[in-house]
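Convention: sequence-line order gives letters A, B, ...; per-chain numbering from 1.
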Amino acid sequence: MGKNLFQKVWDNHVVGRLDSGQYQVFMALHLIHEVTSPQAFGMLKDKKLTVAYPRRTFATVDHIIPTDTQTRPLADDMAEQMIQVLSDATAEHGIEFFAPESGSQGIVHVVGPELGLTQPGMTICCGDSHTSTHGAFGCIALGIGTSQVRDVLASQTLAMDPLKVRRIRVEGKLSTGVTAKDVTLHIIRTLGVNGGVGYAYEYAGSAIAAMTMEERMTVCNMSIEGGARCGYVNPDEVTFAYLKGRERVPTGAAFDALVEKWRGYASDSDATFDDEVVISAADIEPTVTWGITPGQAIAIDESTPDPETAADGDLVRDALRYMQIEAGTPIKGVRIDVAFIGSCTNGRLSDFQAVAKVLAGKKVASQVRAIAVPGSEKVDKAARELGLNKVFEDAGFEWRKPGCSMCLAMNPDKLVGDEVCASSSNRNFIGRQGSSTGRTILMSPIMVAAAAIKGQVADAREVFEL
Amino acid sequence: MTGKPLTRVGGKAAYVAGNDIDTDRIIPARFLKCVTFDELGPALFFDERFDPAGKSKGHVLDKPEHKGASILISDNNFGCGSSREHAPQAIQKFGIDAVIAGSFAEIFHGNCTTLGIPCVVMEKAQRKALAELIAKDPEADVVIDIEGLKVTCANQTFDITMKDSAREAFLAASYDPLDILLRSMDAVNVTARRLGYA
């Protein structure tokens with residue numbers, strides 16, 4: 001009987017079974033950043049331990065770094081301290097650190113793939129839940145907590161239970177104006193925010209196969225918002241073409257040999273799954289959240305639910321109250337104050353290219369504060385070479401330096417008061433974007449652009465005549 | 001770092017109601033700017049407990065009768081959101097020793113287990129009954145029996161379930177796996193060589 005990718009990669013990396021019944025699993029790649037690693041290095045020091053595999057460990061700063069100016073020392077003392085601790089620890093342990101202005105700094109889940117560090121068949125971990133992004137390459141990519149970061153630093157392994165695998169087949173062709181972001185929001189809305197608990201998600205089907213690597217990363221990125229532990233796409237020719245020539249990928253005969261190995265990781269045609277869901281691509285519309293969880297989402301031409309009839313009436317009522325939207329209101333037309341394009345979900349070159357294509361000649365509405373934040377120094381450089389930054393700036397966006405920015409506001413990019421933000425990020429929880437009364441509406445990059453121009457949630461297909 | 005086996009946890013309880021209570025609510029992102037976890041306790045549920053001026057909003061955790069509560073009760077999908085350990089750390093530093101909920105987000109559950117915070121599942125009707133009991137008597141001792149998978153309070157008994165591997169880890173005192181992982185470094189290195197990483 002054939003195996004699915006999760007089983008193949010799991011079996012390949014298991015070191016042994018622990019007395020507790022959990023498995024000890026080798027981590028092929030460990031990515032670290034400044035929020036979840038300082039305490040782990042402190043724990044190592046307390047126990048007089050060293051890093052077992054420094055050459056399989058790579059660091060960057062993304063969460064706390066400002067996006068307007070990144071000169072050191074940073075204005076925020078604690079942010080400066082966090083970067084310094086990471087800088088000192090990586091130097092001490094011989095870990096490569098993609099520091100600000102090194103040319104390689106950026107959001108950790110943008111940096112790994114663009115450098116070619118993320119490769120098919122790997123187990124990858126990072127102290128950040130959107131590590132699932134790397135699954136787009138055919139990896140088991142897991143978000144972990146700081147104590148587990150400590151475990152991986154010390155032993156390059158994790159104690160884990162295996163996961164069940166649900167295959168989600170998205171079949172058919174996406175309609176015009178429907179993007180990878182809409183696919184992932186649609187999946188979460190359909191299966192629920194805890195639908196995936198205990199599962200790894202295999203994203204498959206013709207619509208997924210037709211996606212570029214950056215689109216696949218967007219889909220895998222939000223696996224966690226659907227409750228899944230991780231999500232992946234089987235590696236294929238699209239994957240190999242993306243990786244060919246990347247900085248950290250071997251070349252020539254070595255590359256060809258790697259490709260044959262990578263091909264073998266894809267789920268076998270007779271692989272079995274614990275569950276399967278089929279979604280028709282034609283059913284997916286541009287999707288936006290209306291509430292305070294990523295699962296509280298509707299199509300752009302729908303209205304907010306009615307707590308009297310909705311399944312989780314109390315949750316719906318609380319969410320509507322917080323968002324200051326009435327029940328049964330069309331989501332199109334909700335006023336916005338801030339527009340944010342960026343994040344590990346949608347901060348890659350193709351995201352900015354897609355928006356620049358439709359933005360030319362248009363202007364951000366006067367009441368809207370709009371920022372575009374490239375996901376990495378490399379994305380920034382490539383975007384500038386194409387003149388994208390000028391297109392955004394001419395339209396009224398601020399073009400910023402790389403970082404997580406307004407996704408989670410651990411840096412100066414925050415909402416003020418009860419501002420509403422049209423955002424290409426991944427979470428709309430209460431307070432997520434830095435204000436305890438701030439309101440987030442998640443959507444795709446072109447939908448953020450449409451909202452920025454109209455000053456309200458809008459249908460990008462209408463605004464840009466797609 | 002294997003401690004003592006944890007077979008039961010007891011203390012006063014407080015019920016923080018609501019499904020999908022996420023890690024950003026448990027510990028707002030601005031408190032994640034730190035290099036140790038030591039200061040996180042007072043910031044637990046900060047924006048739910050204090051208004052922008054710092055005035056108390058009368059949250060259940062701040063009610064005088066719930067002072068010193070060490071057992072947290074909540075509803076479904078508790079701890080959804082981030083994998084960052086700051087949320088369980090804030091819960092632990094605040095003084096909570098265990099959580100009873102309808103269900104838990106997976107990464108959060110794993111982080112709590114590593115820290116030695118048992119997360120046990122109690123279904124809705126029993127949870128509501130327990131919540132009513134402690135509303136009537138906030139001082140009542142709530143005892144979670146990890147071995148027997150029961151919760152007792154004021155002579156009433158409630159059923160709980162727990163993820164098998166977590167339960168076994170608490171009973172065997174192996175919930176923090178670092179020492180166990182380090183004992184196999186020879187096998188780890190063999191795996192690394194086989195995979196081409198050494």
Side-chain angles (χ1 to χ4, degrees), chain A residues 12-13 15-16 18-22 24 26 28 35-36 38-39 42 47 49 52-53 56 63-64 76 78-79 81-82 85 127-129 131 143-148 150-151 154-159 161 193-194 197-198 224 227 229 293 312 315 318 408-410 427 429-432 434 436, chain B residues 1 18-20 22-25 28-30 32-37 46-48 50-52 76-77 80-86 88-89 103-108 110-111 114-115 163-165 168-169 172 174-178 180-182 184-185 187-192 194-195 197-198:
Chain A
N12 212 17
H13 289 80
V15 174
L18 303 170
D19 286 341
S20 64
Q22 290 193 306
Q24 184 165 12
F26 187 85
V35 177
T36 52
Q39 304 87 344
K47 298 174 75 61
L49 295 168
Y53 282 81
R56 296 314 305 156
H63 285 58
I64 52 110
D76 183 319
M78 188 41 77
Q81 200 180 334
M82 288 162 75
V85 167
D128 184 87
S129 40
T131 311
I144 57 176
T146 299
S147 294
Q148 291 181 301
R150 170 206 63 181
D151 293 347
S155 72
Q156 201 65 22
T157 63
L158 281 177
D161 295 303
V193 292
N194 55 357
V197 175
I224 210 73
R229 189 72 177 72
T293 79
D312 266 320
L315 271 183
D318 288 344
L408 82 163
M410 277 189 70
R427 291 196 179 131
F429 296 135
I430 294 174
R432 171 76 181 176
S436 57
Chain B
M1 215 163 117
N19 290 333
D20 303 324
D22 64 83
T23 49
D24 282 297
R25 284 164 68 182
R30 63 190 184 279
L32 270 51
K33 283 198 290 189
C34 56
V35 291
T36 75
F37 294 123
F46 195 86
D47 291 337
E48 317 254 294
F50 304 103
D51 68 14
N76 292 338
N77 203 24
C80 62
S82 181
S83 69
R84 288 173 255 127
E85 197 173 289
H86 300 66
Q89 288 278 359
S103 63
F104 293 91
E106 206 159 343
I107 301 178
F108 175 86
N111 285 338
T114 306
L115 294 181
K163 187 171 179 185
D164 281 338
S165 57
E168 277 153 32
S174 63
Y175 49 86
D176 186 336
L178 178 60
I180 301 167
L181 293 172
L182 286 171
S184 321
M185 282 318 289
V188 172
N189 296 333
V190 165
T191 304
R194 175 174 60 72
L195 291 168
Y197 296 122

(Q) Counting heavy-atom pairs closer than 4.5 Å to chain A, which one of B:Leu115, B:Asn76, B:Asp22 comes out on top? (A) B:Asp22

Q: Output yes when a side-chain donor or acceptor of A:Arg427 lies under 3.5 Å from a complementary backbone atom of B:Gly81, and no otherwise.
A: yes

(Q) Which atoms of A:Leu158 are under 4.5 Å from chain B, going by heavy atoms: the side chain, the backbone, both sets, or neither? (A) backbone

**Q.** Top contributor to chain A interface from B:Ala192, B:Gly110, B:Pro88 [non-hydrogen pairs under 4.5 Å]
**A.** B:Ala192

Q. What closest approach, in Å, do A:Ser129 and B:Ser83 show between heavy atoms, and which atom pair accounts for it?
A. N-OG, 3.0 Å

Q: Would you check, one step at a time, whether the test side-chain contact (heavy atoms from CB on, under 4.5 Å) holds for A:Leu18 with B:Leu181?
A: CA-CA 8 Å; A:Leu18 303 170; B:Leu181 293 172; 4.1 Å; yes

Q.
Just so I understand: if I count every heavy-atom pair under 4.5 Å between each of B:Asp47, B:Val190, B:Asp164, B:Ile107 and chain A, which residue has the most?
A. B:Ile107

Q. Is chain A contacted by the side chain of B:Ser103, its backbone, both, or neither, given a heavy-atom distance below 4.5 Å?
A. side chain

Q: Could you look at A:Phe26 and say if it's the side chain, the backbone, both or neither that has a heavy atom under 4.5 Å from chain B?
A: side chain

Q. With only heavy atoms counted, which part of B:Asn189 is less than 4.5 Å from chain A, the side chain, the backbone, both or neither?
A. both

Q: Taking all heavy atoms of B:Glu85 and all of A:Gly145, pick out the closest pair and write down the distance.
A: OE1-C, 3.6 Å

Q) Can B:Asp20 and A:Thr293 be counted as having a side-chain donor-acceptor contact under 3.5 angstrom? A) no

Q | Test side-chain contact (heavy atoms from CB on, under 4.5 Å) applied to B:Asp176 and A:Ser147, step by step | A | CA-CA 9 Å; B:Asp176 186 336; A:Ser147 294; 5.7 Å; no

Q. Top residue by heavy-atom pair count (under 4.5 Å) with chain B, among A:Gly127, A:Gly16, A:Gly21, A:Ala28?
A. A:Ala28

Q. Are the charged groups of B:Arg30 and A:Asp76 less than 4.0 angstrom apart, N to O?
A. no

Q.
Under 4.5 Å from any heavy atom of chain B, what part of A:Ile224 do you find: side chain, backbone, both or neither?
A. side chain

Q. Given the options B:Thr23, B:Thr36, B:Leu32, which has more heavy-atom pairs under 4.5 Å with chain A than any of the others?
A. B:Leu32

Q.
Show, in sequence, the C-alpha distance, side-chain angles and deciding distance for A:Gln24 and B:Thr191, and conclude whether the side-chain contact (heavy atoms from CB on, under 4.5 Å) test is met.
A. CA-CA 11 Å; A:Gln24 184 165 12; B:Thr191 304; over 6 Å; no

Q | Among A:Gln81, A:His63, A:Arg229, residue most engaged with chain B (heavy-atom pairs, under 4.5 Å) | A | A:Arg229

Q: Spell out, as yes or no, whether a donor-acceptor pair under 3.5 Å connects the side chain of B:Glu106 to the backbone of A:Val197.
A: no

Q: Measure B:Ala105 against the heavy atoms of chain A and call it side chain, backbone, both or neither at under 4.5 Å.
A: neither

Q.
If we define contacts as heavy-atom pairs under 4.5 Å, which of A:Gly227, A:Ala154, A:Gly434 has the most with chain B?
A. A:Ala154

Q: Check the side chains of B:Thr114 and A:Gln148 for a donor-acceptor pair under 3.5 angstrom, ignoring hydrogens and angles.
A: no

(Q) One pair to check against side-chain contact (heavy atoms from CB on, under 4.5 Å): B:Arg84 and A:Thr146. What are the steps and the verdict? (A) CA-CA 7 Å; B:Arg84 288 173 255 127; A:Thr146 299; over 6 Å; no

(Q) Using every non-hydrogen atom in the two residues, find where A:Thr36 and B:His86 come nearest and quote the distance to one decimal. (A) CG2-CE1, 4.2 Å

Q: Tell me, for A:Ile430 versus chain B, whether the close heavy atoms (under 4.5 Å) come from the side chain, the backbone, both or neither.
A: both

Q) At their closest point, which heavy atom of B:Arg194 faces which heavy atom of A:Asn12, and how far apart are they? A) NH2-O, 2.8 Å

Q. Is there side-chain contact between A:Lys47 and B:Leu178, with at least one heavy-atom pair below 4.5 Å?
A. yes

Q) Is A:Asp161 salt-bridged to B:Lys163, going by a charged N under 4.0 Å from an acidic O? A) yes

Q | When B:Cys34, B:Pro177, B:Cys80 are compared by non-hydrogen pairs under 4.5 Å with chain A, the top option | A | B:Cys34

Q) Can you check whether B:Glu168 reaches A:Asp19 side chain to side chain, under 4.5 Å on heavy atoms? A) no

Q. Is chain A contacted by the side chain of B:Asn19, its backbone, both, or neither, given a heavy-atom distance below 4.5 Å?
A. both

Q. Checking B:Pro52 against chain A: side chain, backbone, both or neither under 4.5 Å from a heavy atom?
A. side chain

Q. Rounded to the nearest 0.5 Å, how far apart are CZ of B:Phe46 and OG of A:Ser436?
A. 9.5 Å

Q) Side chain of A:Arg56, backbone of B:Ala198: donor and acceptor closer than 3.5 Å? A) no

Q.
Can you tell me which portion of A:Met78 sits under 4.5 Å from chain B's heavy atoms? Options are side chain, backbone, both or neither.
A. side chain

Q) Under the 3.5 angstrom rule, does the side chain of A:Gln156 hit a backbone N or O of B:Val188 as a donor-acceptor pair? A) no

Q: Mind ranking A:Asp151, A:Val85, A:Asp318 by heavy-atom pairs under 4.5 Å with chain B and telling me who comes out on top?
A: A:Asp151

